[in-house]
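For reference, the structure is listed below as structure tokens.
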Amino acid sequence: MEKMSYQTFTRSNYEQIPEISRLGQDDKEAIRVVGQVLPFKTNNYVTEQLINWNNIPSDPIFTLNFPRKEMLPRKLYHRTFDLLNRDLNRETLKSEVNRIRMELNPNPAGQEHNVPVMDDVRLHGIQHKYRETVLFFPSQGQTCHAYCTFCFRWPQFSGMNELKFSMKEADLLFKYLKQKHRVTDILFTGGDPLTMSTNTLVNYIKPLLEKDFKHIHTIRLGTKSLSYWPYRFLSDKDSDELIALFEKIVKSGKNLTIQAHFNHPVELGTDAVKQAISRILNTGAQIRTQSPVLRKINDHPDIWSEMWRKQVDLNCIPYYMFVARDTGAKQFFELPLEKCWKIFRKAYSQVSGTCRTVRGPSMSCEPGKIHVLGVAEVKGEKVFVLRFLQGRNTNWVDVPFFAKYDPEATWIDQLRPAFGDEKFFFELDDQGYKYLNTNKNDLLLE
Ligand SMILES: *Cc1c(COP(=O)(O)O)cnc(C)c1O
Ligand code: SF4
């Protein structure tokens with residue numbers, strides 16, 4: 001494999017992208033303004049091989065990486081525009097921009113409630129919400145090879161340190177996992193943990209292969225590198241070591257799952273991504289795929305059925321379709337829940353059973369992952385049928401429940417229980433969310 005040189009583009013140098021001259025003044029202004037609030041980064045693989053520059057600005061991959069004016073609410077756009085024209089010093093500008101960011105729900109779904117405490121210390125680089133799976137945010141992996149404009153993890157990259165989940169201390173992770181015998185899966189996430197050097201990754205993973213961690217069956221790596229920089233697995237200076245690490249994990253008897261993030265079939269079409277997928281699968285690892293459904297990127301059933309089919313052709317396993325989270329540029333990307341379900345249903349009905357390992361549309365919200373099963377009529381009332389794919393409380397999982405039909409609702413907090421009920425079964429009273437039985441009991445299990 002020929003070595004690819006890696007060049008990233010941000011707000012300060014994106015004008016070096018050769019095709020950028022095709023953008024109008026307004027589009028450039030949007031990059032300057034929106035890019036001040038939400039993180040912006042792309043790279044030469046994305047600009048050379050994924051974006052169709054004859055189709056900007058509506059090209060899906062352009063929209064996936066480049067800020068557009070409508071990605072900020074109009075009021076906030078103008079506030080940011082004015083700030084940039086006021087000749088403020090760096091500190092003032094930064095604090096004003098952070099105030100604007102706080103209006104974009106930077107930490108959706110109450111993620112801080114997932115942070116566990118051990119020996120009176122809050123473990124800021126761990127989230128443990130579902131009994132079997134621990135998320136780990138290695139501090140060296142809190143960036144990506146490019147940034148998605150819809151990203152729900154954007155405060156990880158925006159220098160809003162008080163909102164950031166990350167941890168360097170592998171020892172704390174190991175100590176925590178040793179105590180938690182019900183945990184079977186550790187999921188490295190970020191950012192993108194495959195932006196780390198292989199050496200750093202080895203330091204986190206190698207100890208997990210020892211006998212103290214027999215209860216950990218699956219090591220998962222959540223990554224968008226296949227889509228944004230497949231050379232990570234092919235020709236970077238430590239690619240061979242990365243592949244050797246994958247082989248070592250599999251040889252140790254553990255399952256290695258790459259949770260790959262693909263938003264559009266274009267990302268599966270280059271020679272580089274195909275070679276990278278094949279190289280990963282040859283180690284014995286699995287690749288499972290996921291994406292949110294996003295207006296202006298993949299809001300058509302044919303896009304999804306094509307994507308799932310291509311994934312299965314390449315031996316990947318379709319896993320989740322998510323609803324775009326309530327944060328950042330959400331108002332640009334959001335779709336009504338009913339529309340998300342219709343896209344899912346139509347796409348799902350066009351593919352064979354080998355693609356139907358996928359589940360969705362699913363909302364990752366405070367109580368759990370809520371699956372929109374569909375719209376139905378029960379006792380003369382039109383309702384959404386829902387269920388938990390994952391719950392803070394394991395007893396909630398897979399129990400069907402009903403919400404009043406609302407054609408405009410885009411997120412769980414806009415839904416009301418059906419049949420005149422006051423509460424959903426998992427809510428106790430109106431002092432915010434309070435659960436019949438919080439996951440504390442679940443998570444204390446060792
Ligand atoms: C989605 C998610 C997981 C993993 O869930 P799976 O259904 O096992 O893939 C774990 N923790 C959190 C907080 C999640 O949002
Ligand atoms: S790859 Fe994931 S974490 Fe990184 S910017 Fe995209 S959505 Fe966010």
Side-chain angles (χ1 to χ4, degrees), residues 8 38-43 46 61 64-67 106-116 126-137 141-158 164-166 183-195 217-218 220-229 232 255 257-264 267 286 288-292 294 297 317-325 327-330 333 357-360 362-371 388-392 394 397-398 439 442-443:
T8 57
L38 297 172
F40 165 51
K41 177 162 90 181
T42 188
N43 68 53
V46 175
I61 309 296
L64 181 63
N65 273 189
F66 283 79
N107 247 338
Q111 290 174 78
E112 65 286 355
H113 301 314
N114 308 339
V115 173
I126 295 179
Q127 288 189 25
H128 192 185
K129 182 172 180 182
Y130 309 130
R131 191 177 57 200
E132 281 75 19
T133 304
V134 162
L135 304 189
F136 182 60
F137 297 73
Q142 299 315 309
T143 181
C144 302
H145 289 106
Y147 292 142
C148 310
T149 39
F150 66 81
C151 179
F152 74 96
R153 289 275 167 74
W154 58 274
Q156 298 288 94
F157 331 122
S158 303
K164 189 165 165 170
F165 299 99
S166 81
V183 173
T184 57
D185 289 37
I186 164 100
L187 170 45
F188 289 83
T189 184
D192 184 338
L194 294 185
T195 55
H217 295 241
T218 297
R220 302 203 225 168
L221 301 172
T223 182
K224 181 119 178 124
S225 295
L226 275 169
S227 164
Y228 282 160
W229 191 251
R232 180 69 189 92
N255 175 282
T257 294
I258 308 299
Q259 298 281 160
H261 175 183
F262 291 108
N263 308 112
H264 194 279
E267 295 163 304
Q286 306 181 336
R288 294 179 187 267
T289 62
Q290 59 193 50
S291 168
L294 303 156
I297 291 182
I317 307 166
Y319 190 61
Y320 273 135
M321 176 203 268
F322 291 117
V323 179
R325 292 211 203 195
T327 179
K330 158 95 170 165
F333 293 109
T357 46
V358 68
R359 288 142 321 142
S362 166
M363 287 176 273
S364 290
C365 44
E366 174 143 15
K369 279 185 168 62
I370 298 183
H371 184 184
F388 283 98
L389 289 167
Q390 288 286 6
R392 237 175 230 292
T394 48
V397 173
D398 214 26
N439 67 338
D442 277 353
L443 295 190

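Order of listing sets the numbers, starting from 1, for every ligand and every atom in it. What you see is a predicted model; the values in this text were computed from it and never measured.
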Item to check | Q111 to ligand 1, any heavy atom closer than 4.0 Å | outcome: no
Going by the order shown, which atoms of ligand 1 are within less than 4.0 Å of some heavy atom of [X]?
X    : result
Y320 : 6 (P), 7 (O), 9 (O)
Y319 : 6 (P), 7 (O), 8 (O), 9 (O)
Q390 : 5 (O), 6 (P), 7 (O), 8 (O)
L135 : 10 (C), 11 (N), 12 (C), 13 (C)

Next on the checklist: If I take every N, O or S atom of C151, is at least one of them less than 2.8 Å from atom 8 (Fe) of ligand 2?
Outcome noted: yes
Item to check | Region of R392 that comes within reach of ligand 1 [heavy atoms, distance under 4.0 Å] | outcome: neither
Next on the checklist: Side chain, backbone, both or neither: which applies to K369 and ligand 1 if a contact is any heavy-atom pair less than 4.0 Å apart?
Outcome noted: side chain
Looking at [X], which atoms of ligand 2 are within less than 4.0 Å of one of its heavy atoms?
X    : value
H261 : 2 (Fe), 7 (S)
Y147 : 5 (S)
K224 : 1 (S)

Checklist entry - Does a side chain donor of either T184 or H217 reach within less than 3.5 Å of an acceptor in the other side chain? => result no
Next on the checklist: Can you report which non-hydrogen protein atom sits closest to atom 12 (C) of ligand 1, along with the distance?
Outcome noted: Y130 CE1, 3.6 Å
Checklist entry - Would C144 count as a contact for atom 4 (Fe) of ligand 2, in the sense that one of its N, O or S atoms lies under 2.8 Å from it? => result yes
Next on the checklist: If I apply the N/O under 3.5 Å rule, does R220 come out as touching ligand 1?
Outcome noted: yes
Checklist entry - Going from CZ on F322 to CZ on R359, what distance comes out if it is rounded to the nearest 0.5 angstrom? => result 8.5 Å
Checklist entry - Are Q290 and R288 close enough, and set up right, to give a side chain to side chain donor-acceptor pair (under 3.5 Å), and what steps lead you there? => result CA-CA 7 Å; Q290 59 193 50; R288 294 179 187 267; over 6 Å; no
Checklist entry - F40 vs F66 aromatic rings, parallel, tilted or perpendicular, using cut-offs 30° and 60°? => result tilted
Item to check | Verdict with supporting geometry, L38 and Y147, side-chain contact (heavy atoms from CB on, under 4.5 Å) | outcome: CA-CA 9 Å; L38 297 172; Y147 292 142; over 6 Å; no
Checklist entry - Taking it one step at a time, do K224 and D192 satisfy salt bridge (charged side-chain N to carboxylate O under 4.0 Å, His left out)? => result CA-CA 7 Å; K224 181 119 178 124; D192 184 338; over 6 Å; no
Next on the checklist: Quick one, T195 with W229, criterion side-chain contact (heavy atoms from CB on, under 4.5 Å). Give me CA distance, side-chain angles, the key distance, then yes/no.
Outcome noted: CA-CA 9 Å; T195 55; W229 191 251; over 6 Å; no
Next on the checklist: Go through it in stages, so that I can follow the logic: the residues are R232 and T223, the test is side-chain contact (heavy atoms from CB on, under 4.5 Å), and I'd like the CA-CA distance, side-chain angles, deciding distance and then a yes or no.
Outcome noted: CA-CA 11 Å; R232 180 69 189 92; T223 182; over 6 Å; no
Next on the checklist: Between Q127 and T189, does the side-chain contact (heavy atoms from CB on, under 4.5 Å) criterion hold? Intermediate values first, please.
Outcome noted: CA-CA 10 Å; Q127 288 189 25; T189 184; over 6 Å; no
